[in-house]
Protein chains: 2
Amino acid sequence: MDKFMEAALEQAKKSLSEGGIPIGSVLVKDGIIVARGHNKRVQEQNPILHGEMDCLYNAGRIGTYKDTVMYSTLMPCYMCAGTIVQFKIPKVVVAESVTFGGARDFMEQHGVEVIDLHHEVCINMMQQFIKENTELWGEDIGEL
Amino acid sequence: MDKFMEAALEQAKKSLSEGGIPIGSVLVKDGIIVARGHNKRVQEQNPILHGEMDCLYNAGRIGTYKDTVMYSTLMPCYMCAGTIVQFKIPKVVVAESVTFGGARDFMEQHGVEVIDLHHEVCINMMQQFIKENTELWGEDIGEL
């Protein structure tokens, strides 16, 4: 697996080990990981900290995002995709979009390059999680 | 002024008094304010805490948003609009969209009702702020 996606997957596994939703992200700038994050809805009772948002929070005020790439274990939802568009992050690499289609079209319509690695390990991890935590997953994506 | 927008404006003024960007929000559920928030980019060095996001963070895990209305002193950007769409908040009331057009069309395309009060006090407050803090404002909306 791509080393950056490996780091995002580590974040997802960390979240799972904390009792949280297993979605992780890293932000890469000029070829270096500048921030990592994972979903913290459960851990911090925080509905806005999806993996990508936590990662951008951890990155802090880095100025322009034009040389960044967002890696995420799952296709971004509209919250995260809207942030990517607003911050002008030009490229997003996701491990999968089988378990959640997210807002790929929206990002592409706004000129964001989206690459889907279709990573079986991540698909299986999320499928298992959603099966065992259907209500929590529904809450996280606004399907209540 | 509408009492809910008055509360959002109080939040914007609070942010300004803290040295921050003067944008405030409140979330109303079943006719009651359940959370308040304001932009905290400067105060907490946090790029994801726009007024609306801080408000949703402060609201916590409230379950469905179907009976909520988001009040904001400024038209939401794509980050905040994407969150509103993902969380299925059905209605947004803004004080103004003269100083920032935001993502009104995107929200309306996704079925969100958007009301713009065109409030002169808020327009003047933001115009003055942007004039005096052009670079900071550019940073906040990803225009760097």
Next on the checklist: I'd like to check Leu136(B) versus Arg61(A) (side-chain heavy atoms, cut-off strictly below 4.5 Å). Are they in contact?
Outcome noted: yes
- Query: For the residue pair Phe106(B) and Phe106(A), is the inter-centroid distance of their aromatic rings smaller than 6.0 Å?
  - Reply: yes
task = Mark yes when over 12 heavy atoms from residues, nucleotides or ligands other than Lys29(A) sit less than 6.0 Å from its NZ; otherwise mark no.
result = yes
So, Gln86(A) side chain and Cys77(B) main chain: donor-acceptor pair closer than 3.5 Å or not? no
Shortest non-hydrogen pair, Pro47(A) vs Gly60(B), comes out as CG-O, 3.5 Å
d(Tyr57(B) OH, Met53(A) CE) to nearest 0.5 Å is 13.5 Å
Here the gap from Leu56(B) atom CG to Met79(A) atom CE, rounded to the nearest 0.5 Å, amounts to 9.0 Å
Applying a strict 4.5 Å limit to non-hydrogen atoms, the region of Gln45(B) in contact with chain A is both
### Task
Establish whether Val112(B) and Val69(B) are linked, either directly or via other cluster members, by ILVMFWY side-chain heavy-atom contacts under 4.5 Å.
no
When every non-hydrogen atom of Gly63(B) is compared with those of Leu144(A), the smallest separation belongs to C-CD1, 3.5 Å
- Neighbour count above 12 (heavy atom, 6.0 Å) for Glu135(B) CD: no
Item to check | Working for side chain to side chain contact (heavy atoms under 4.5 Å, CB included), residues Ile48(B) and Asp54(A) | outcome: CA-CA 9 Å; Ile48(B) 68 166; Asp54(A) 185 48; over 6 Å; no
Exercise. Count the heavy atoms belonging to other residues, nucleotides or ligands that lie under 6.0 Å from NZ of Lys88(A), then report whether that count exceeds 12.
Key: yes
The interface call for Ile89(A) against chain B, heavy-atom contacts under 4.5 Å, is neither
Honestly, the part of His50(A) sitting under 4.5 Å from a heavy atom of chain B is neither
